[in-house]
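Just so we're clear, the structure is a prediction, and the values are computed from it rather than from any experiment. One is the number of the first residue; the rest follow in order along the sequence. Reckoned from all heavy atoms, side chains included, excluding hydrogens, waters and symmetry mates.
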Amino acid sequence: MGAVLEEAIRQFSPREIALIAPAIPPDLTAGSQGSSDAYYQLDLLNLSIPQKTRNMINRAGEELRVKRVRGFGAEHRQLVEEFLKSRPLDEATDWIFQKIPDYLYSVPTAAIFEARNRAGELIAFDVAEFGAKDWAMYLFNFTARERPVPGASDLLLAEIINQALTEKKSKINLGLGINPGVTFFKTKWGGVPFVPYAFRQYSPAPGSY
């Protein structure tokens, strides 16, 4: 890894480096900012949904209807903007969320799963992708802060699982743990860590290579 990083810096002379890998040797990025996490997977062939989670799905299903759509509209954008305003995010993460419409337009195997109430209001939506042979990818989840419905996120994930099973997928990549709340949601469904994640970002010292 050190040799590859050295060659990349020599070729491109970057002002800033963002390095992502399962593990990063500390001596490569001394003084850098970073984080550690893990990707979580859900085994669909041995899936056992806890009764408490089933209750949440059923409760939300009484109030909401889920539909798979491709178009990203003003209501979806509003929920994303609400999310961005609700918590501090670094510039790179903010950029990723802003690019969701472009991603959906560019990737035909990605879709929105949206949950609406009886009045037709958008309560929550997920973005998932189904292009890999054996895997589905759970990418984003957004909920309406002003009109929350308990179990809405569970209901959406259940629909993604149904779609993944329909497409003969055996696993779902649930993404990173991110924070204790998100990690709890993924582990209660049976998600387990399967790929470690390390991130470091820094500016290389002039002449360091």
Side-chain angles (χ1 to χ4, degrees), residues 40-87 96-132 135-176 178-179 181-191:
Y40 286 74
Q41 70 170 354
L42 188 62
D43 182 357
L44 299 183
L45 301 183
N46 298 288
L47 180 63
S48 177
I49 302 175
Q51 186 58 51
K52 187 174 181 180
T53 303
R54 292 182 183 274
N55 293 341
M56 295 299 292
I57 294 170
N58 293 333
R59 186 201 184 288
E62 294 175 356
E63 298 186 41
L64 305 174
R65 294 296 176 267
V66 177
K67 184 179 181 181
R68 180 182 180 182
V69 300
R70 280 282 299 162
F72 186 94
E75 292 172 290
H76 303 104
R77 187 178 297 278
Q78 181 179 352
L79 262 60
V80 174
E81 292 298 331
E82 288 178 5
F83 177 84
L84 293 176
K85 292 176 181 178
S86 69
R87 66 205 68 198
I96 290 172
F97 287 125
Q98 297 289 356
K99 289 295 183 179
I100 291 175
D102 295 334
Y103 169 77
L104 288 163
Y105 178 80
S106 302
V107 182
T109 52
I112 294 172
F113 290 76
E114 60 176 30
R116 294 181 180 271
N117 61 18
R118 292 186 178 90
E121 297 173 307
L122 182 63
I123 301 302
F125 77 91
D126 287 358
V127 178
E129 199 274 327
F130 301 89
W135 290 76
M137 180 73 183
Y138 175 81
L139 293 167
F140 302 103
N141 168 261
F142 299 95
T143 59
R145 295 173 59 83
E146 300 300 322
R147 45 184 186 274
V149 173
S153 296
D154 293 301
L155 180 64
L156 287 170
L157 181 52
E159 289 295 325
I160 291 172
I161 289 171
N162 289 337
Q163 183 64 40
L165 290 171
T166 298
E167 298 191 21
K168 310 299 183 184
K169 312 299 184 187
S170 59
K171 293 183 175 65
I172 294 182
N173 185 335
L174 295 173
L176 296 172
I178 301 177
N179 61 48
V182 174
T183 299
F184 172 78
F185 177 79
K186 295 175 180 180
T187 55
K188 80 171 185 176
W189 273 87

The criterion is side chain to side chain donor-acceptor pair (under 3.5 Å); which residues satisfy it with Glu121, sequence neighbours excluded? Asn117
Tyr40 vs Thr183 side-chain heavy atoms within contact, under 4.5 Å: yes
Are the side chains of Ile100 and Phe142 in contact, using a 4.5 Å heavy-atom criterion? yes
To the closest 0.5 Å, what do you measure between CD1 (Ile49) and CD (Gln51)? 10.0 Å
Arg77 CZ: over 12 foreign heavy atoms closer than 6.0 Å: no
Can you pull the salt bridge (Lys or Arg N to Asp or Glu O under 4.0 Å) pairs that have at least one residue in residues 50-62, sequence neighbours excluded? Arg59-Glu63
Test ring-ring contact (aromatic ring centres under 6.0 Å, His included) applied to Phe140 and Tyr103, step by step: CA-CA 12 Å; Phe140 302 103; Tyr103 169 77; 7.2 Å; no
Main chain of Phe184, side chain of Thr187: is a donor-acceptor contact present, judged purely on distance under 3.5 Å? yes
Ring pair (Phe, Tyr, Trp, His ring centres under 6.0 Å) pairs, two or more places apart, involving residues 144-169: none
Compare every heavy atom of Val69 with every heavy atom of Glu114, then report the nearest pair and how far apart it is. OE1-CG2, 3.9 Å
Go through the structure and list residues passing salt bridge (charged side-chain N to carboxylate O under 4.0 Å, His left out) with Glu75, not counting sequence neighbours. Arg116
Going by side chain to side chain donor-acceptor pair (under 3.5 Å), name the residues that satisfy it together with Ser153, two or more places apart in sequence or in a different chain. Asn141
Within the structure provided, determine whether Ile161 and Leu42 are in side-chain contact (heavy-atom separation under 4.5 Å). yes
Approximate separation, where rounding is to 0.5 Å, of Leu156 CG and Ile112 CD1: 11.5 Å
In chain order, what residues pass the side chain to side chain donor-acceptor pair (under 3.5 Å) check against Thr109, with sequence neighbours excluded? Glu129
For the residue pair Ala152 and Leu64, what are the closest heavy atoms and their distance? CB-CD1, 3.8 Å
Taking the side chain as C-beta and beyond, is there a heavy-atom pair between Lys186 and Gln41 under 4.5 Å? no
Heavy-atom closest pair, residues Ala124 and Leu79: CA-CD2, 4.1 Å
What pair of heavy atoms forms the shortest contact from Ile57 to Trp189, and how long is it? CD1-CH2, 3.5 Å
Salt bridge (Lys or Arg N to Asp or Glu O under 4.0 Å): which pairs involve residues 103-113, sequence neighbours left out? none
To the nearest 0.5 Å, atom CH2 of Trp135 lies from atom CD1 of Ile172 at 10.0 Å
Applying salt bridge (Lys or Arg N to Asp or Glu O under 4.0 Å) as the test, list every pair that has at least one member in residues 152-161; sequence neighbours left out. Asp154-Lys188
Is there a donor-acceptor pair closer than 3.5 Å between any side-chain N or O of Arg147 and the backbone N or O of Thr143? no
What pairs with Arg87 under side-chain contact (heavy atoms from CB on, under 4.5 Å), at least two apart in sequence or on another chain? Phe83, Leu89, Arg145
So, for Ala164 and Ala136, which heavy atoms are closest and what is the spacing to 0.1 Å? CB-CB, 4.0 Å
The side chain to side chain donor-acceptor pair (under 3.5 Å) partners of Arg68 (sequence neighbours excluded) come to Gln163
Would you find a donor on one side and an acceptor on the other, under 3.5 Å apart, between the side chain of Lys169 and the backbone of Phe130? yes
Does anything in residues 62-82 form a ring pair (Phe, Tyr, Trp, His ring centres under 6.0 Å)? List the pairs, not counting sequence neighbours. Phe72-His76, His76-Phe125
